[in-house]
Trainee: 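One structure is given below, represented as C-alpha cells, and several questions about it will come after.
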Amino acid sequence: ADDVLIPSRVLNRLFLLRAAAPLSSSIPQSTMTKLAEWLLGLSTLGVLWGVVTFDLLGLELPGSYREVAWPLPVYLLVCFGCYSLATVGYRVATFNDCEAAAQELQEQIQEARRDLKSRGLRL
C-alpha cells in the first residue's frame, strides 16, 4: 500500500476548519416529520400485507395466514377509527376552561368598543 503524504499546511487548514465549525453543524441532523413516519409505517405494513396475501416471495405460508391477512387492512382501519374517536372524545371531555383568558378577552373587547365609540363609530 502506497502511503499518501499530506502537506502540513493542508492538515493545519483542515484542523482549523474542523475546530472552527460547531459540532452541531458537522453532524447532519435528519428529522422525520409525522407524515413521513406514518407513510413509512403504512407502506411497510402494505408491503408485508401484499407479500403474505399474494405469496409474492413464494414462501408457501399456510392458508390460515392468508385468511387472517386478507381482511387485515379493514380491521386496522376500524381500529384506527375507534382510537381516533376515543381520543377526540377524551380531549373534549377533559378540555380546560381558561377563565383568566376569557376575562382578559372580554376586557379587550370592551376597550375596543370604547375606542371605536370615541372615534365616532356606533355599535
Trainee: Any chance CZ of R66 has more than 12 other-residue heavy atoms, nucleotides or ligands included, within less than 6.0 Å?
Mentor: yes
Trainee: Rounded to the nearest 0.5 Å, what separation is found between the OH atom of Y83 and the CG atom of L76?
Mentor: 14.5 Å
Trainee: Would you say the ring centroid of F54 lies under 6.0 angstrom from that of W49?
Mentor: yes
Trainee: Treating Ile, Leu, Val, Met, Phe, Trp and Tyr as nodes and any side-chain heavy-atom pair under 4.5 angstrom as an edge, say whether W70 and L56 lie in one connected cluster.
Mentor: yes
Trainee: Let me confirm one number: the CD-CD distance from Q103 to Q108, rounded to the nearest 0.5 Å.
Mentor: 11.0 Å
Trainee: Closer than 4.0 angstrom, basic N to acidic O: yes or no for E111 and R114?
Mentor: no
Trainee: Between the side chain of T53 and the main-chain N/O of G50, is any donor-acceptor distance below 3.5 Å?
Mentor: no
Trainee: Among L72, V68, L61, which residue meets the side-chain contact (heavy atoms from CB on, under 4.5 Å) test with V52?
Mentor: L61
Trainee: Quick one: pull up OH in Y65 and CG in D55 and give me the separation to the nearest 0.5 Å.
Mentor: 12.5 Å
Trainee: Hey, does the side chain of D115 reach the backbone of R119 with a donor-acceptor pair shorter than 3.5 angstrom?
Mentor: no
Trainee: State, yes or no, whether a side-chain contact exists between R113 and I109 at a heavy-atom distance under 4.5 Å.
Mentor: yes
Trainee: Working to the nearest 0.5 Å, report the span between OH of Y90 and OG1 of T87.
Mentor: 10.0 Å
Trainee: Using 0.5 Å steps for rounding, measure from the CG atom of L105 to the SG atom of C98.
Mentor: 11.5 Å
Trainee: Test side-chain contact (heavy atoms from CB on, under 4.5 Å) on M32 and L40; report intermediate values, then the result.
Mentor: CA-CA 10 Å; M32 187 178 280; L40 178 66; 4.2 Å; yes
